[in-house]
Amino acid sequence: MNLLTIKDMPEDLMKEVIDLAVKMKKEGNRSRDDLKGKVLISLYEKPSTRTRLSFETAMTNLGGHTIVMDFKTSQISRGETMADTARVLEGYCDVISARLFKQTALEEIAKNVKIPVINALTDVEHPCQALADMQTIIEYGKEKGKLVYIGDAANNVANSLMLVAARYGMHVVLCGPEGYLPSSEYLEEAEKTGAKVEVTSDPAYAVKDADVIYTDVWVSMGDEAEKEKRLNDLKPYQVNSVLLKQAKPDAIVMHCLPAHRGEEITDEVMDGEQAAVWNQAENRMWAQEALILKLVNE
Ligand code: CP
Ligand code: NVA
């Protein structure tokens with residue numbers, strides 16, 4: 001079984017992974033041997049701090065090993081195909097994770113191997129992030145509440161998150177200017193769950209009575225050519241203390257990180273009491289431990 005998108009992840013498996021992540025964090029055992037002798041190969045076409053380190057620590061905690069390959073120093077940079085690379089990797093490891101520009105390249109890897117392949121972020125989705133995010137929302141007791149994603153609501157993080165939150169029956173609001181709202185494909189998928197899903201360009205309307213406010217960078221990896229336009233278009237969608245005051249008093253603020261302080265989120269919110277971002281970042285490790293266990297030991 002692969003995890004290429006939340007869209008294609010069976011709902012029962014998704015919930016099992018999140019439940020297991022919550023349980024494993026509570027137990028706090030970081031020295032297990034469930035995956036003794038198992039190897040993860042982790043591929044990176046784009047930069048990463050959290051994803052790379054949380055995959056590595058997750059494998060170490062489970063008694064396995066991780067090997068990281070950066071595209072720049074591999075033969076991919078000299079034209080070896082993704083399909084040929086994937087076939088070679090399969091001989092060395094038990095599971096592959098890959099952070100790639102194109103979802104189609106990830107699908108190409110999955111097509112050519114029989115071992116599990118995990119999406120570590122593409123242009124379309126960031127499913128591992130969304131699993132950890134839902135774990136965090138449950139940890140704060142907000143899973144029955146209203147989640148507002150504000151900013152570039154058409155990006156990879158928004159896509160995965162809206163589907164996970166909708167499957168839990170949260171009231172999901174996607175807020176951004178025109179051109180930064182989710183595709184009809186993702187909206188329809190979220191609506192299919194029966195959850196209340198709203199799209200708006202009005203930040204004040206969006207955050208009213210919110211339990212969770214979520215944002216992400218305005219310029220995702222690969223969008224750099226549009227930087228100036230994006231910073232300008234998204235300016236009214238900053239998560240700052242004025243906006244936060246319009247949510248519920250005990251609302252939490254989430255961000256997948258890295259944050260661009262002063263752009264999508266201010267220092268006072270990032271460093272304030274309502275920020276859940278550090279727990280959220282830690283949960284990447286627990287969620288990926290649970291995910292790898294489920295996929296590899298299937
Ligand atoms: N949130 C996240 O995926 O962070 P990295 O880009 O540092 O991996
Ligand atoms: N949307 C961001 C997420 C980074 C973790 C990006 O794709 O760059």
Side-chain angles (χ1 to χ4, degrees), residues 3-6 21 40 42-59 66 68-72 96-106 118-137 149-164 174-176 179-183 186 212-227 229-231 233-234 237-239 253-261 263-265 270 275-289 291-292:
L3 174 53
L4 304 188
T5 57
I6 294 291
L40 162 74
S42 213
L43 304 177
Y44 291 90
E45 188 178 17
K46 307 186 200 183
S48 169
T49 297
R50 278 146 291 271
T51 304
R52 177 178 166 171
L53 297 181
S54 57
F55 265 114
E56 290 198 46
T57 45
M59 273 310 272
T66 307
V68 170
M69 187 173 86
D70 193 312
F71 276 24
K72 284 196 216 74
I96 295 171
S97 70
R99 168 166 287 196
L100 305 170
F101 280 103
K102 294 271 164 228
Q103 183 76 25
T104 47
L106 185 74
I118 300 172
N119 180 350
L121 183 147
T122 64
D123 53 340
V124 178
E125 281 209 32
H126 195 0
C128 293
Q129 181 69 52
L131 296 174
D133 292 344
M134 200 61 219
Q135 178 190 352
T136 309
I137 291 167
Y149 180 101
I150 182 160
D152 179 6
N155 79 10
N156 43 14
V157 169
N159 281 342
S160 296
L161 180 71
M162 66 189 272
L163 295 188
V164 174
L174 289 311
C175 178
Y180 299 86
L181 295 169
S183 64
Y186 269 82
V212 181
I213 296 181
Y214 197 117
T215 191
D216 181 16
V217 289
W218 290 341
V219 184
S220 283
M221 294 178 277
D223 290 337
E224 291 79 5
E226 299 172 5
K227 182 172 176 185
K229 178 175 169 22
R230 286 176 160 267
L231 296 189
D233 291 348
L234 289 156
Y237 297 85
Q238 184 186 65
V239 177
V253 176
M254 298 180 69
H255 190 311
C256 58
L257 305 181
H260 284 200
R261 288 168 177 251
E263 292 178 14
E264 76 277 1
I265 193 164
M270 270 291 283
V277 298
W278 315 117
N279 280 331
Q280 189 185 350
E282 180 188 330
N283 288 344
R284 294 293 307 279
M285 177 182 78
W286 298 109
Q288 278 147 219
E289 279 188 38
L291 175 70
I292 298 168

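All ligand and atom numbering here is 1-based and tracks the order in the structure. Computed from a prediction, not measured in an experiment: that's the story for all the values here.
In summary, the atoms of ligand 2 found under 4.0 Å from a heavy atom of Leu257, numbered by their order in the structure, are 5 (C). For ligand 2, the atoms closer than 4.0 angstrom to any heavy atom of Leu121 are 3 (C), 4 (C), 5 (C), 7 (O). Listed by number with element, the atoms of ligand 2 under 4.0 angstrom from any heavy atom of Asn156 are 1 (N), 2 (C), 6 (C), 7 (O). Using a 4.0 Å cut-off to heavy atoms of Arg284, the atoms of ligand 1 that qualify are 1 (N), 2 (C), 3 (O). Near Thr49, the atoms of ligand 1 lying under 4.0 angstrom from a non-hydrogen atom of the residue are 5 (P), 7 (O), 8 (O). Within ligand 1, counting atoms from 1 as listed, the ones closer than 4.0 Å to a heavy atom of His126 are 2 (C), 3 (O). Close approach to Cys256 involves these atoms of ligand 1, each under 4.0 Å from a residue heavy atom: 1 (N).
For the pair Arg52 and ligand 1, the shortest N or O to N or O distance does not fall below 3.5 Å. Backbone and side-chain nitrogen or oxygen atoms of Met221 are examined, and one is located within less than 3.5 angstrom of a nitrogen or oxygen of ligand 2. Of the N or O atoms in Leu257, one or more lie within a sub-3.5 Å distance of an N or O in ligand 1. Considering backbone and side-chain N/O atoms, His126 never comes within less than 3.5 Å of an N/O atom of ligand 2.
Side-chain atoms of Thr66 and Glu56 include no donor-acceptor pair closer than 3.5 Å. Side-chain atoms of Glu264 and Thr215 include no donor-acceptor pair closer than 3.5 Å. The closest side-chain donor-acceptor pair between Asp123 and Gln103, if any, does not fall under 3.5 angstrom.
Contact between Arg230 and Trp218 at its shortest, heavy atoms only, is NH1-O, 2.8 Å.
For the pair Arg99 (side chain) and Pro47 (backbone), a donor-acceptor distance under 3.5 Å is present. In this structure, Ser183 contributes its side chain and Tyr186 its backbone to a donor-acceptor pair below 3.5 Å.
Shortest contact from atom 4 (O) of ligand 1 to any protein heavy atom: Arg50 NE, 2.9 Å. Of the protein's non-hydrogen atoms, Asp216 OD2, 3.6 Å is the one closest to atom 3 (C) of ligand 2.
For the atom pair Cys128 SG and Arg50 CZ, the distance stands at 14.0 Å (nearest 0.5 Å). Here CG of Leu257 is found 5.5 Å from CH2 of Trp278. Values are rounded to the nearest 0.5 Å.
Heavy atoms of Arg99 approach ligand 1 to within less than 4.0 angstrom.
Looking at Gln129 and Leu121, their side chains never come closer than 4.5 Å, going by heavy atoms from C-beta outward.
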